[in-house]
Amino acid sequence: MNPKQQIYWHTTVEMPDDSGAIPLPDKVDVAVVGGGFTGLSAALALARRGAKVAVLEANTIGWGASSRNGGMVLTGLKLSTETICKKYGRDLARKLFQCSLDAIDAVEQVVREENISCGFARQGHLLVANKPAQYDGLVKGAEFMEREFGHKVQLVPRHEQHDEIGTDLYYGALIDETSGGLNPAQYVAGLARAAEKAGATLHARARVNRIEHTMNRFGVETTRGKVVAEKVLIGTSGYTGQATPKLQKKIIPIGSFIIATEKLSDELANELSPKNRMIFDHKHYLNYFRLWENRLIFGGRAAFFPEDDKTLRSSAAILQRDMIRVYPQLKDVKVEYVWGGTLDFAFDMMTHVGEMDGLFYSLGYAGHGTAMATYLGKTTAEAMLNNSISDHPFASFSFPGAPFGLYDGRPWFLPFAGMWHRILDWIE
Ligand SMILES: Cc1cc2nc3c(=O)[nH]c(=O)nc-3n(C[C@H](O)[C@H](O)[C@H](O)COP(=O)(O)OP(=O)(O)OC[C@H]3O[C@@H](n4cnc5c(N)ncnc54)[C@H](O)[C@@H]3O)c2cc1C
């Protein structure tokens, strides 16, 4: 039987709905575009500081990647610390890495302060090597992290990996105990409640179509009317569109898909991941997986394009095949759910914060947004209020667009990039 095309996480919580919609305010201090981790965390920080803030969301609050993701709350960024060090120098690399650690603390703090029941725990992440040479790379990377960043991780050679993962597929692993996990839909719903409680107003089905800059104000036109705002923050991630065409041209939207199995026995769940780690592999076309209440949540970039009926069906089959390759013991286990979402990649694979034509933004999380979007939503909001955005570490390097300007927001090159990644996985 085909799995249900439904976001499993949504069955575990009442998501914010749009019935009883309140009218849009005429005028606010800050209009936040996008109701995910970035927008809600920003709205919470702004409202706590006494700003009048409205969150404008095209769909329902939490509809985007924030309620669809793997719930991995990870240290670091998409690029390795060595690469970031080479590119930006040791001082900035240290600051950026420290932000990624602060980001996990920010999640922990808001979960605790706002009593968000989302299963947040620091159970650590496990990065597994698909090839022997990749394990050598993990050893070097661990030495580098400790030497340059004072951050300790542990290595697990292949012959000991059964303590961590119930498979023989990999060639050893790296553990980072600082990382954690949560249920993303429960978390984003909790953030929404917290932002509202602090005084922000949340407006579902208010797609922003146009933002007009006049004098020192912005006219934000939505499908539910117009709001005048002193400042605007864009938190639209992989769904960034025509309302902010310059940002749209800097972000590549990439589909990522997840399946959830039926509930497994305690014994089997324990065999798969005895320490309940957040697990991901070393491939370009990577798989990421973890347990939640005895279901295996198994994701990957099974199709590069955003979800529709066709990509969901093919992704379910591809992910189930990949899952059985990792865990042959799951060959007769039922896959109950499949869903997808859209990731946001900048052309340099870095996360970017800043101001463009007077609009503030935070995006380009490249699969690291659970912690980073929470943190950067908050710190970008604070920098907006303090007029100090240029001091933000994530605003201190350039935000490149496509080479030769060969991109208008429609990612025509993704099939080629997908092929290229598969080739790299094969030869590297
Ligand atoms: C399948 C999947 C798995 C992932 N797994 C992980 C993981 O395990 N760990 C991790 O750290 N990260 C993961 N990520 C990434 C993470 O989910 C995102 O980085 C994060 O949720 C981004 O939050 P956001 O608030 O910026 O964007 P989103 O949550 O995507 O919210 C953006 C919102 O903007 C709205 N919007 C767009 N345009 C407009 C407009 N014109 N007007 C009004 N609203 C608009 C959209 O409707 C959307 O709701 C994953 C992503 C996906 C898709």
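Numbering starts at 1 and runs along the sequence shown. Counting starts at 1 for both ligands and their atoms, following the listed order.
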**Study point:** Short side-chain donor-acceptor distance under 3.5 Å, Tyr88 and Ser396
**Key:** no
Practice item. From the options Ala58, Ser41, Ala371, select the one whose nearest heavy atom is closest to atom 45 (C) of ligand 1. Key: Ala58
Practice item. Determine whether any heavy atom of Gly367 lies closer than 4.0 Å to an atom of ligand 1. Key: yes
Check your understanding: At a 4.0 Å threshold, what atoms of ligand 1 neighbour a non-hydrogen atom of Arg68?
Key -> 1 (C)
Exercise for review: Pick one of side chain, backbone, both or neither for how Met278 approaches ligand 1, counting any non-hydrogen atom pair under 4.0 Å.
Suggested key: neither
Check your understanding: Are any of the N or O atoms of Phe257 closer than 3.5 Å to those of ligand 1?
Key -> no
Revision key, fill the gap. Heavy-atom proximity to atom 40 (C) of ligand 1 ranks first, among Val208, Leu191, Asn69, for Val208
Review point. Is ligand 1 less than 4.0 angstrom away from at least one heavy atom of Gly235?
Key: yes
Review point. Taking non-hydrogen atoms only, is Thr236 closer than 4.0 angstrom to ligand 1 via side chain, backbone, both or neither?
Key: both
Exercise for review: Please confirm whether Gly71 comes under 4.0 Å of ligand 1, counting heavy atoms of the residue only.
Suggested key: yes
Revision key, fill the gap. Checking heavy-atom distances from atom 23 (O) of ligand 1 to each of Ser66, Gly36, Gly64, the winner is Ser66
Check your understanding: CG of Asn216: more than 12 outside heavy atoms within 6.0 angstrom?
Key -> no
**Study point:** Thr380 versus Tyr361, side-chain donor and acceptor atoms under 3.5 Å
**Key:** no
**Study point:** Atom indices of ligand 1, in the order listed, that fall short of 4.0 Å to a heavy atom of Tyr288
**Key:** 1 (C), 2 (C), 3 (C)
Review point. Is the closest N or O pair between Gly369 and ligand 1 shorter than 3.5 Å?
Key: yes
Exercise for review: Flag Trp63 as yes when one of its N or O atoms lies below 3.5 Å from any N or O atom of ligand 1, and as no otherwise.
Suggested key: no
Check your understanding: Do any N/O atoms on Thr38 end up under 3.5 angstrom from N/O atoms on ligand 1?
Key -> yes
Practice item. With the side chain counted from C-beta on, respond yes when Lys78 and Phe345 share a heavy-atom pair under 4.5 Å apart, and no when they do not. Key: yes
**Study point:** Donor on one side chain, acceptor on other, Asn386 and Arg49, under 3.5 Å
**Key:** yes
Review point. Hey, is Leu343 one of the residues with a heavy atom under 4.0 angstrom from ligand 1?
Key: yes
Revision key, fill the gap. Atom 22 (C) of ligand 1 sits nearest the protein heavy atom Ser237 OG, 3.7 Å
Exercise for review: Please say whether Gly241 places an N or O atom under 3.5 Å from an N or O atom belonging to ligand 1.
Suggested key: no
Review point. Are any of the side-chain heavy atoms of Met323 and Leu296 separated by less than 4.5 Å?
Key: yes
Review point. Does the gap between the ring centers of Tyr135 and His282 come in under 6.0 Å?
Key: no
Point to revise | Atom NZ of Lys95 with >12 non-hydrogen neighbours under 6.0 angstrom | key: no
Review point. For atom 30 (O) of ligand 1, which candidate among Ala65, Ala31, Ser67 holds the nearest heavy atom?
Key: Ala65
Review point. Looking only at protein heavy atoms, which one is nearest to atom 11 (O) of ligand 1, and how far off is it?
Key: Thr370 N, 2.8 Å
Exercise for review: Would you kindly say whether Gln5 and Asp309 are connected by a side-chain donor-acceptor distance under 3.5 Å?
Suggested key: yes
Review point. What about Glu57: any of its N or O atoms under 3.5 Å from an N or O on ligand 1?
Key: yes
Check your understanding: With a cut-off of 4.0 Å, which atoms of ligand 1 are near a heavy atom of Gly34?
Key -> 33 (C), 34 (O), 35 (C), 44 (N)
Check your understanding: With backbone taken as N, CA, C and O and side chain as the heavy atoms from C-beta onward, which portion of Val188 lies under 4.0 Å from ligand 1: side chain, backbone, both, or neither?
Key -> neither
Review point. Who's the nearest protein heavy-atom neighbour of atom 8 (O) of ligand 1, and how far?
Key: Met72 N, 3.1 Å
Point to revise | Any N/O pair Phe37/ligand 1 closer than 3.5 Å | key: yes
**Study point:** Region of Tyr365 engaging ligand 1 - heavy atom pairs below 4.0 Å
**Key:** side chain
Study note, to complete from the structure: ligand 1 to Val33, heavy atom cutoff 4.0 Å, flagged ligand atoms 40 (C), 42 (N), 43 (C)
Review point. Would His352 and Phe394 count as a close aromatic pair, with their ring centres under 6.0 Å?
Key: no
Point to revise | Atom indices of ligand 1, in the order listed, that fall short of 4.0 Å to a heavy atom of Gly341 | key: 53 (C)
Practice item. Using non-hydrogen atoms of the residue, decide whether Leu74 is closer than 4.0 angstrom to ligand 1. Key: no
Exercise for review: Only pairs at least two apart or in different chains count here, so list each ring-ring contact (aromatic ring centres under 6.0 Å, His included) that has a residue in residues 202-256.
Suggested key: Trp63-Tyr239, His213-Phe218
Revision key, fill the gap. Hits for side chain to side chain contact (heavy atoms under 4.5 Å, CB included) against Glu164, two or more places apart or cross-chain, chain-then-number order -> Leu126, Val156, Ile175, Lys275, Arg277
Practice item. Decide yes or no for Ile252 and Phe347: does some side-chain heavy atom of the first lie under 4.5 Å from some side-chain heavy atom of the second? Key: yes
Check your understanding: Taking the inter-plane angle between the rings of Tyr8 and Trp339 on a 0 to 90° scale, is it parallel (under 30°), tilted (30 to 60°) or perpendicular (over 60°)?
Key -> tilted
Review point. Quick one: do Lys334 and Glu262 make a salt bridge, cutoff under 4.0 Å?
Key: no
**Study point:** Sub-4.0 Å atoms of ligand 1 with respect to non-hydrogen atoms of Thr342
**Key:** 53 (C)
**Study point:** Ring centers of Phe298, Phe289 separated by less than 6.0 Å
**Key:** yes
Check your understanding: Counting each atom of ligand 1 from 1 as listed, which ones have a heavy atom of Gly70 under 4.0 Å away?
Key -> 3 (C), 4 (C), 5 (N), 6 (C), 7 (C), 8 (O)
Review point. When you check the gap from the basic side-chain N to the acidic O, do Lys231 and Asp29 get nearer than 4.0 Å?
Key: no
